[in-house]
**Q** 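Input: one structure, supplied below.
In this text, all values refer to a predicted model and were calculated from it rather than measured experimentally. For reference, positions follow the sequence shown, starting with 1.
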Amino acid sequence: MRQVTNCRVCGSSRLEKYLDLGRLPLANGLLQSPQDECERFPLEVLLCLDCHLSQLSVVVDPKVLYSNYPYRSSVSTTFRRHCYDMARVLKDDHDAKWRASGHHGYDIEQPTLIDIGANDGCLINQFKRHGFRPVFAVEPDQETSRGIPGDTLVLNNFWSFNSMAPMQRLMTLPGASHITATNVFAHVDDIKDFLETAKLFMQCGTTIIIEVPYAYHMVLNNEFDTIYHEHLSYFLVKPLDRLFTEAGMTLTDVTEHQIHGGTIRLFVKNGKLPQSKRVFDMVDREAMSGLHDVDRYKQFARSVEDIRDDLRALVKDDVVGFGASAKGCTLLNYCDIHLKEIWDDTPQKQGKYVPGVYTPIVPFNFDRMRQTKHILLLAWNFADEIMRKINACGYEGKWIRPVPYVEVM
Ligand code: DWN
Ligand code: ZN
């Protein structure tokens with residue numbers, strides 16, 4: 001475990017702690033048995049007083065975090081549709097540029113893709129449906145990567161030139177028109193090495209598309225449970241713009257999306273290029289919302305304590321959880337809530353236990369549904385999809401949503 005003493009974007013040592021969730025277990029370190037021990041690590045968030053990046057106070061070894069990784073992106077229809085929409089938008093944009101180029105200068109008719117943090121191939125599958133040709137995918141967990149289409153070269157490693165001997169082998173490969181990194185950039189400690197490695201695979205027209213949870217929504221919507229040891233950084237546009245500029249790149253555009261409680265999609269190119277007005281508008285909105293002032297984060301921390309107190313008062317041990325999410329592990333451990341069980345559709349999670357609270361993760365079951373009066377939405381980011389599905393099965397009880405404030409529906 002590495003103690004963070006300097007900001008990973010600007011190097012400043014002026015880091016102020018604004019949230020302490022205690023010593024918590026690793027969110028995806030699911031247990032085989034309730035008797036298993038689980039290691040705990042500090043879960044504290046620091047604000048850089050110079051560039052306003054929020055970041056964890058410690059970095060847990062990624063080899064520990066991502067071995068036997070149980071999370072599968074494709075379980076959620078909502079996320080699959082999000083990837084479909086992303087592929088369609090990028091393909092339409094690519095085709096428009098190809099037509100406008102008069103078929104030269106923009107030298108790739110068929111768009112090509114390198115996907116970093118490919119998980120089970122959820123994104124690659126949707127991009128292939130839109131005519132992208134995958135050049136290769138990077139996914140550290142071999143078991144997880146088995147879902148990636150067989151015609152895609154897969155590198156089971158982390159995206160870092162420093163630690164990837166096979167990378168030299170990949171250097172013989174052509175670059176790609178698009179390099180995607182969805183739900184991975186916030187997980188990376190050395191983000192400057194990440195970008196330098198990406199540069200090796202960028203051609204003149206290449207765009208890197210990075211999607212990360214947006215700290216604007218985390219703070220304003222009290223999404224404290226999105227804080228866990230996998231998420232090292234909690235980004236605002238302001239520090240990101242500085243990061244890319246100092247890396248000799250340009251944040252050319254940024255768009256907002258609802259997925260996972262609110263994310264931003266960053267469009268990054270090599271060199272110094274014009275930027276969309278959206279970049280500046282979002283930085284201004286961050287400032288207007290108080291997010292360049294540590295006091296706003298201390299207000300967020302107080303709201304988190306209120307949610308904890310409200311949940312402790314409301315949730316009894318006959319309550320069931322839905323979605324054995326990483327968020328759920330943070331929420332249950334921080335609030336010290338012990339549910340009867342958690343229903344989850346992910347085969348790799350069923351039969352296991354949430355570390356720290358030892359709650360069993362089981363498949364949905366009609367009989368147990370009929371006996372249930374309250375379900376706690378541990379995957380509230382998919383509330384519509386989950387409630388629609390379970391209500392359609394005849395569930396007549398109540399739903400509890402924990403954020404932005406505790407609500408019984
Ligand atoms: O960055 C990350 C985000 C994107 O995903 C990863 N580091 C870890 C993970 O976080 P999470 O576990 O909080 O993500 P989800 O996607 O909110 O987890 C949803 C959980 O709910 C999964 O275990 C799948 C489950 N689920 C289900 O069983 N049936 C979800 C849906 C929609 C369903 O219908
Ligand atoms: Zn900083």
Side-chain angles (χ1 to χ4, degrees), residues 1-27 29 38-62 64-65 185-192 212-240 242-243 261-262 283 286-287 289-312 326-336 355-356 402-405:
M1 180 181 82
R2 179 175 84 81
Q3 198 73 35
V4 172
T5 54
N6 295 84
C7 171
R8 67 170 52 86
V9 164
C10 74
S12 170
S13 58
R14 291 183 345 118
L15 303 177
E16 182 161 344
K17 179 164 69 175
Y18 64 80
L19 185 63
D20 182 351
L21 296 177
R23 291 181 63 80
L24 264 53
L26 301 179
C38 60
E39 204 172 354
R40 291 170 176 267
F41 301 87
L43 194 54
E44 305 163 320
V45 191
L46 316 176
L47 179 71
C48 172
L49 300 179
D50 288 313
C51 77
H52 303 106
L53 175 74
S54 286
Q55 50 211 297
L56 295 190
S57 64
V58 299
V59 175
V60 174
D61 181 352
V64 171
L65 281 171
F185 198 63
H187 303 53
V188 174
D189 188 13
D190 189 345
I191 49 182
K192 294 178 180 175
V212 291
Y214 189 20
Y216 172 85
H217 293 293
M218 178 182 81
V219 173
L220 271 66
N221 297 332
N222 300 325
E223 298 169 358
F224 74 95
D225 53 353
T226 60
I227 296 166
Y228 38 86
H229 297 98
E230 295 172 24
H231 287 171
L232 302 179
S233 301
Y234 301 81
F235 288 111
L236 292 175
V237 174
K238 180 174 178 257
L240 284 163
R242 173 170 177 167
L243 170 75
V283 172
E286 291 166 2
S289 307
L291 294 172
H292 298 168
D293 178 344
V294 70
D295 290 341
R296 180 61 188 81
Y297 295 86
K298 291 182 174 174
Q299 180 189 331
F300 163 53
R302 289 191 294 274
S303 301
V304 171
E305 290 172 355
D306 294 344
I307 289 173
R308 177 196 59 196
D309 298 344
D310 292 348
L311 280 176
R312 277 178 175 166
K327 294 187 285 296
C329 182
T330 291
L331 185 136
L332 297 176
N333 276 282
Y334 169 66
C335 300
D336 191 23
V403 297
Y405 44 81

**Q** Find the distance between NE2 (His52) and CG (Leu240) and round it off to the nearest 0.5 Å.
**A** 14.0 Å

**Q** Taking all heavy atoms of Gly11 and all of Asn6, pick out the closest pair and write down the distance.
**A** O-ND2, 2.9 Å

**Q** How long is the gap from CG on Asp293 to CD on Gln299, to the nearest 0.5 Å?
**A** 10.0 Å

**Q** What orientation do Phe185 and Phe235 show, parallel under 30°, tilted 30 to 60°, or perpendicular over 60°?
**A** parallel

**Q** Are side-chain heavy atoms of Val403 and Thr226 found at a separation under 4.5 Å?
**A** no

**Q** Please report the C-alpha distance between Ser233 and Arg8 in whole Å, then the side-chain angles of each, then the deciding distance to 0.1 Å, and finally whether the side chain to side chain contact (heavy atoms under 4.5 Å, CB included) criterion is met.
**A** CA-CA 9 Å; Ser233 301; Arg8 67 170 52 86; 2.9 Å; yes

**Q** Give, for atom OH of Tyr405 and atom CG of Leu311, the distance between the pair rounded to the nearest 0.5 Å.
**A** 13.5 Å

**Q** Looking at side-chain heavy atoms only, is the closest gap between Gln55 and Cys7 below 4.5 Å?
**A** yes

**Q** What heavy-atom pair brings Gly262 and His217 nearest, and what distance separates the two atoms?
**A** CA-CD2, 3.7 Å

**Q** Check this for me: does any side-chain nitrogen of one of Asp336 and Arg312 sit under 4.0 Å from a carboxylate oxygen of the other?
**A** no

**Q** With a 3.5 Å distance limit and no angle check, can you tell me whether His229 reaches the backbone of Pro42 through a side-chain donor-acceptor pair?
**A** yes

**Q** Are any of the side-chain heavy atoms of Tyr297 and Lys17 separated by less than 4.5 Å?
**A** no

**Q** Can you give me the closest heavy-atom contact between Asn222 and Ile307, atom names plus distance?
**A** CB-CD1, 3.7 Å

**Q** Search all heavy atoms of Leu291 against all heavy atoms of Leu236 and return the closest pair with its distance.
**A** O-CD1, 3.8 Å

**Q** Are Leu56 and Val4 close enough that some pair of their side-chain heavy atoms sits under 4.5 Å apart?
**A** no

**Q** Could you verify whether a donor N or O on one side chain and an acceptor N or O on the other, from Tyr18 and Ser54, lie under 3.5 Å apart?
**A** yes

**Q** State, with a plain yes or no, whether a side-chain heavy atom of Cys10 is found less than 4.5 Å away from one of Asp50.
**A** yes

**Q** So which heavy atom on Pro25 is nearest to which on Pro355, and how close?
**A** CG-O, 3.5 Å

**Q** Between Leu43 and Tyr334, is there a side-chain heavy-atom distance shorter than 4.5 Å?
**A** no

**Q** Before you tell me yes or no, could you show the steps for Arg242 and Leu53 under side chain to side chain contact (heavy atoms under 4.5 Å, CB included), namely the whole-Å CA-CA distance, both residues' side-chain angles and the distance that decides it to 0.1 Å?
**A** CA-CA 11 Å; Arg242 173 170 177 167; Leu53 175 74; over 6 Å; no

**Q** With distance as the sole test, does Arg23 use its side chain to make a donor-acceptor pair with the main-chain N or O of Arg40 at under 3.5 Å?
**A** yes

**Q** Could you check whether any side-chain heavy atom of Tyr234 comes within less than 4.5 Å of a side-chain heavy atom of Ile227, counting everything from C-beta outward?
**A** yes

**Q** Give the minimum heavy-atom separation between Glu223 and Gly261, together with the two atoms involved.
**A** OE2-O, 2.9 Å

**Q** Check whether any side-chain heavy atom of Leu21 lies under 4.5 Å from a side-chain heavy atom of Tyr228, and answer yes or no.
**A** no

**Q** At what distance, to the nearest 0.5 angstrom, does SG of Cys51 lie from NE2 of His292?
**A** 9.5 Å

**Q** With salt bridge (Lys or Arg N to Asp or Glu O under 4.0 Å) as the criterion, how do Lys238 and Glu286 come out once you've worked through the C-alpha distance, each side chain's angles and the decisive distance to 0.1 Å?
**A** CA-CA 8 Å; Lys238 180 174 178 257; Glu286 291 166 2; over 6 Å; no

**Q** Going from CZ on Arg2 to OG on Ser57, what distance comes out if it is rounded to the nearest 0.5 angstrom?
**A** 10.5 Å

**Q** Between CG of Leu19 and CG of Leu47, what distance do you get to the nearest 0.5 Å?
**A** 11.5 Å

